[in-house]
Participant: 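Before I ask anything, let me first share the structure, which is written out below as structure tokens.
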Amino acid sequence: MWQVIGTHMPKWNVWMEAFFLSIIPLIIFLTVRQIRAMDGRESRRMERLKLLEEEDRSQHADHNPSVSEAEKEEGTFTEDYEANVAKIRQAVTDMSDVNERSIFLEKLNAVGTLFFVDGLTDKVGMDQNILKPLMDWGSSGEGGEDLPRGKELRDMFIRQVMLVSETQYTLEVKFSLQKVLFGSVILMIQGIPGAFVLGTPKGSTRGVEDPISESVLRGPRVGFTETLSDNTAMLRRHGESTELAMSSFKVGKRVEKQLMVVYFRDIADPELVDEVKRRVKTIDMDEVLESGYVEQLIEDNFLSPFLQIQNTERPDRVMAALLEGRVAILLDGTPFALLMPVTYGMMLQSPEDYYERWIPGSLIRFLRFMATTISLFAPALYISFISFHPGLIPTKLVISIISARQGVPFSTLIEALIMEISIEILREAGLRLPKPIGPAMGIVGGLIIGQAAVDAGIVSPILVIVVAVTAISSFASPVYSAGISMRVLRFGAMFTASIFGLYGVIMFFLMLSIHMVKLHSFGVPYLSLTAPRSFKDWKDYFVRAPLQFMKNRPILLKHKDPKRQG
């Protein structure tokens with residue numbers, strides 16, 4: 001027996017390769033730590049600079065009270081109606097889409113002015129709910145001394161004249177300008193200091209559709225839209241709960257957008273909620289175009305290829321995460337919500353797992369784990385077996401593979417790279433093309449070009465099978481962004497396999513495991529339930545146990561209420 005083991009032991013040069021390979025993760029670890037340390041120092045330096053600037057600004061304002069008062073007066077409305085209108089006109093000088101409408105109220109013997117934006121304001125609603133009531137009131141009855149003045153007149157307009165439910169009164173010029181540029185109407189009346197902000201935005205939004213990136217056979221056919229109010233309403237429609245909290249924030253330095261932090265007050269950990277809010281407040285960009293910006297700016301480790309915040313288009317998935325004690329972020333203008341914290345196991349779970357019975361749900365989830373492993377390591381294992389360890393393959397299969405590779409002029413790495421890069425290009429082209437052309441591109445690329453490449457002797461047929469199985473397995477990930485990470489890491493595994501063979505694949509797996517163990521998402525270990533172990537929660541990890549067994553929420557989240565059901 002020992003003789004057999006000795007004959008299969010690697011030679012000294014293989015041990016040397018393994019030794020040098022063990023140094024690589026140490027070098028990468030030290031490099032990453034240095035980069036993170038530099039980033040941390042830069043962040044702390046920027047925070048210190050910001051604090052110093054704020055202190056200087058406050059001291060400057062204290063020493064120059066006249067300047068501060070002048071700026072304050074410039075940014076607020078006064079009792080001078082003409083000056084107030086002039087401020088708005090000056091602010092919208094270069095905005096030709098902002099319209100102005102003057103009115104005369106005979107009963108009050110005063111003039112008024114409305115500002116609104118073409119295309120954003122509901123003109124029919126403005127005519128019926130603002131202009132008509134104003135003109136009717138202004139021309140009815142006798143005016144004069146009996147009418148109230150000042151604050152009483154303002155309150156009377158809000159309570160008796162305006163038919164708009166969203167009515168605000170403000171003295172701030174900037175606030176009123178922001179509102180009018182979002183579709184509201186500004187109304188200023190002579191004799192009333194300040195302005196009325198009347199919410200009449202135009203309601204042209206996309207209809208509710210089936211989520212494109214997270215399709216299921218059984219489950220709600222409802223996906224988020226680009227409108228924040230619609231998305232929050234979808235969450236509210238899941239059921240009545242007074243504990244569903246939604247905290248609003250403004251993000252964007254030059255172009256502001258509304259962001260909503262959503263959580264259950266009686267479930268979510270207050271420290272987690274405070275941490276999410278703190279990170280959201282640190283966002284300092286000109287404009288946050290999509291929730292992907294928020295995701296990248298508040299995640300724990302920007303150098304990691306893994307998702308540390310999950311994105312989803314499905315309201316039911318968001319609601320399920322909130323009921324587990326997680327926190328969600330909704331951003332106006334995007335149909336993708338963000339969920340945090342996350343673990344790697346969450347990336348392989350689909351809402352459909354819980355809508356089907358537990359036995360098929362568990363089987364499908366287990367298949368996803370297998371598919372992810374295949375999509376990551378299949379080409380690397382092919383390269384290592386063919387190039388370094390053909391003795392580990394059955395003899396008949398080796399003979400078949402070698403005969404199939406006869407005439408191929410490239411090494412296995414180059415051969416695999418040609419096919420993998422071709423598949424990635426085809427996948428990218430299929431996504432960017434119009435829907436009717438995308439499937440045709442897949443057929444042309446996958447069948448015709450693949451067969452032509454084999455006939456031309458550029459690649460071997462067995463590699464086409466390996467790459468096809470790898471590509472199909474990568475589609476099994478329920479979260480598209482998580483699949484992208486595996487596609488990137490696959491190339492790293494292929495390179496290490498081409499240099500060190502099977503030992504390289506093992507070392508790549510160990511390096512990946514070390515990185516994932518060290519990774520955290522808002523304080524929660526990324527490989528939770530596996531490392532650190534939590535056998536109690538494994539009933540919803542590799543398998544999906546019957547719902548009757550899942551009475552408690554996941555332990556990894558420090559929620560207020562651990563009980564999910566009786």
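Side chains are part of it too, since the values below use all heavy atoms of this structure and drop only hydrogens, waters and symmetry mates.
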Participant: Might you point out which heavy atoms bring L307 and N311 nearest each other, and give the distance in Å?
Facilitator: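 That would be CD1-ND2, 4.4 Å.
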Participant: Is there a side-chain contact between L131 and R101, using heavy atoms and a 4.5 Å cut-off?
Facilitator: yes
Participant: Quick check: closest heavy atoms across L519 and S304, and the distance to 0.1 Å?
Facilitator: CD2-OG, 3.5 Å
Participant: Any heavy-atom pair between the side chains of I88 and F77 that's under 4.5 Å?
Facilitator: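 Contact flag for F77/I88 side chains = yes.
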Participant: For P478, does its backbone N or O pair with a side-chain atom of R368 as donor and acceptor, under 3.5 Å?
Facilitator: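 Not at all, since once roles are kept as given, no pair shorter than 3.5 Å links the two residues.
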Participant: Heavy-atom count around R221 CZ within 6.0 Å, excluding the residue itself: above 12?
Facilitator: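 Atom CZ in R221 is packed in, count exceeds 12.
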Participant: Which heavy atom of M347 sits nearest a heavy atom of V342, and at what distance?
Facilitator: CE-CG2, 3.8 Å
Participant: Could you grab the distance from atom OG1 of T76 to atom CZ of F175, nearest 0.5 Å is fine?
Facilitator: 14.5 Å
Participant: Quick one: does S291's side chain have a donor or acceptor within less than 3.5 Å of a partner on F336's backbone?
Facilitator: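 Present.
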Participant: Between the side chain of D136 and the main-chain N/O of P133, is any donor-acceptor distance below 3.5 Å?
Facilitator: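 Here the side-chain-to-backbone pair does not exist.
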Participant: So how far is it from L217 CG to E352 CD, rounded to the nearest 0.5 Å?
Facilitator: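 The distance works out to 5.0 Å.
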Participant: Near E243 CD, under 6.0 Å, is it more than 12 heavy atoms from other residues, nucleotides or ligands?
Facilitator: yes
Participant: Rounded to the nearest 0.5 Å, what's the gap from CZ on F116 to CG on D97? Could you check?
Facilitator: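 With rounding to 0.5 Å, CZ (F116) is 11.0 Å from CG (D97).
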Participant: To the nearest 0.5 Å, how far apart are CG in L297 and CZ in R279?
Facilitator: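 So the CG of L297 and the CZ of R279 are separated by 11.5 Å.
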Participant: Looking at E313 and P335, would you say the former's side chain and the latter's main chain have a donor-acceptor pair under 3.5 Å?
Facilitator: no
Participant: Within the side chain of Q296, is there an N or O that forms a donor-acceptor pair under 3.5 Å with the backbone of G292?
Facilitator: yes
Participant: Determine, for K518 against D300, whether the closest basic-nitrogen to carboxylate-oxygen distance falls under 4.0 angstrom.
Facilitator: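 Salt bridge between K518 and D300, a charged N being under 4.0 Å from a carboxylate O: no.
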Participant: Mark yes or no for whether N84, through its side chain, and E79, through its backbone, hold a donor-acceptor pair below 3.5 Å.
Facilitator: no
Participant: Please determine whether a side-chain nitrogen of the Lys or Arg among R490 and E424 lies less than 4.0 Å from a carboxylate oxygen of the Asp or Glu.
Facilitator: yes
Participant: Without swapping roles, check the side chain of S477 against the backbone of S474 for a donor-acceptor pair under 3.5 Å.
Facilitator: no
Participant: Counting C-beta onward and ignoring hydrogens, is there a side-chain heavy-atom pair between F475 and S375 closer than 4.5 Å?
Facilitator: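 Of all side-chain heavy-atom pairs linking S375 with F475, none is under 4.5 Å.
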Participant: How far apart are the closest heavy atoms of F115 and V85, and which atoms are they?
Facilitator: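 The pair with the smallest heavy-atom distance is CZ-CG1, 4.2 Å.
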Participant: So, R553 side chain and L323 main chain: donor-acceptor pair closer than 3.5 Å or not?
Facilitator: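 Present.
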Participant: I'd like to know if K174 pairs up with E172 as an ion pair, taking the criterion as any Lys NZ or Arg NE/NH1/NH2 lying under 4.0 Å from an Asp or Glu carboxylate oxygen.
Facilitator: no
Participant: Looking at K132, I want to see if its NZ is surrounded by more than 12 non-hydrogen atoms of other residues, nucleotides or ligands under 6.0 Å.
Facilitator: no
Participant: Quick one, T78 with K87, criterion side-chain contact (heavy atoms from CB on, under 4.5 Å). Give me CA distance, side-chain angles, the key distance, then yes/no.
Facilitator: CA-CA 10 Å; T78 60; K87 286 178 182 177; 4.3 Å; yes
Participant: Please examine the side chains of E256 and F182, heavy atoms only from C-beta on, and report whether any two atoms are closer than 4.5 Å.
Facilitator: no
Participant: How long is the straight-line distance from CG of L259 back to CZ of F249, given to the nearest 0.5 Å?
Facilitator: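 Output value for this atom pair is 7.5 Å.
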Participant: Taking C-beta and beyond as the side chain, do M340 and I329 meet within less than 4.5 Å on heavy atoms?
Facilitator: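 Side chain of M340 against side chain of I329, heavy atoms only: contact under 4.5 Å found.
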Participant: Are side-chain heavy atoms of L134 and L187 found at a separation under 4.5 Å?
Facilitator: yes
Participant: Determine, step by step, whether L322 and V318 satisfy the side-chain contact (heavy atoms from CB on, under 4.5 Å) criterion, reporting the C-alpha distance in whole Å, the side-chain angles of both residues, the deciding distance to 0.1 Å, and the verdict.
Facilitator: CA-CA 6 Å; L322 295 177; V318 172; 4.1 Å; yes
Participant: Are the side chains of T121 and V180 in contact, using a 4.5 Å heavy-atom criterion?
Facilitator: no
Participant: Donor-acceptor pair, distance only, cut-off 3.5 Å: does the side chain of E290 make one with the backbone of T334?
Facilitator: no
Participant: Do the non-hydrogen side-chain atoms of D540 and R365 ever get within less than 4.5 Å of each other?
Facilitator: yes
Participant: Any side-chain hydrogen bond (donor to acceptor under 3.5 Å, both in side chains) involving residues 180-195? Give me the pairs, sequence neighbours left out, ordered by first then second residue.
Facilitator: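 Residue pairs passing side-chain hydrogen bond (donor to acceptor under 3.5 Å, both in side chains), neighbours aside: none found.
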Participant: Quick check on Y293: does its OH atom have over 12 non-hydrogen neighbours (other residues, nucleotides or ligands) under 6.0 Å away?
Facilitator: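 Atom OH in Y293 is not packed in, count stays at 12 or less.
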Participant: If you take all heavy atoms of D118 and K123, which pair is closest and at what distance?
Facilitator: OD1-NZ, 2.7 Å
Participant: Please confirm whether the backbone N or O of F522 pairs with a side-chain atom of E275, one donor and one acceptor, at under 3.5 Å?
Facilitator: no
Participant: L114 and F196: side-chain contact (heavy atoms from CB on, under 4.5 Å), yes or no, with the steps?
Facilitator: CA-CA 9 Å; L114 294 93; F196 296 101; over 6 Å; no
Participant: Would you indicate whether L431, at its atom CG, is surrounded by more than 12 heavy atoms from other residues, nucleotides or ligands within a distance under 6.0 Å?
Facilitator: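 More than 12 heavy atoms, drawn from other residues, nucleotides or ligands, come within 6.0 Å of this atom.
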Participant: Would you say D316 and Y355 are linked by a side-chain donor-acceptor pair, where the criterion is simply a distance under 3.5 Å?
Facilitator: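 A donor-acceptor contact under 3.5 Å links the two side chains.
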Participant: Show the nearest heavy-atom pair for residues V288 and G252, with the distance to one decimal.
Facilitator: CG2-N, 4.3 Å
Participant: Please verify the inter-ring angle class for F306 with H515; under 30° counts as parallel, over 60° as perpendicular, anything in between as tilted.
Facilitator: parallel
Participant: For the pair D266 and D561, evaluate side-chain contact (heavy atoms from CB on, under 4.5 Å) and give the outcome as yes or no after the intermediate values.
Facilitator: CA-CA 7 Å; D266 58 341; D561 183 10; 5.7 Å; no
Participant: To the nearest 0.5 Å, what is the distance between OG (S248) and CG (L330)?
Facilitator: 11.0 Å
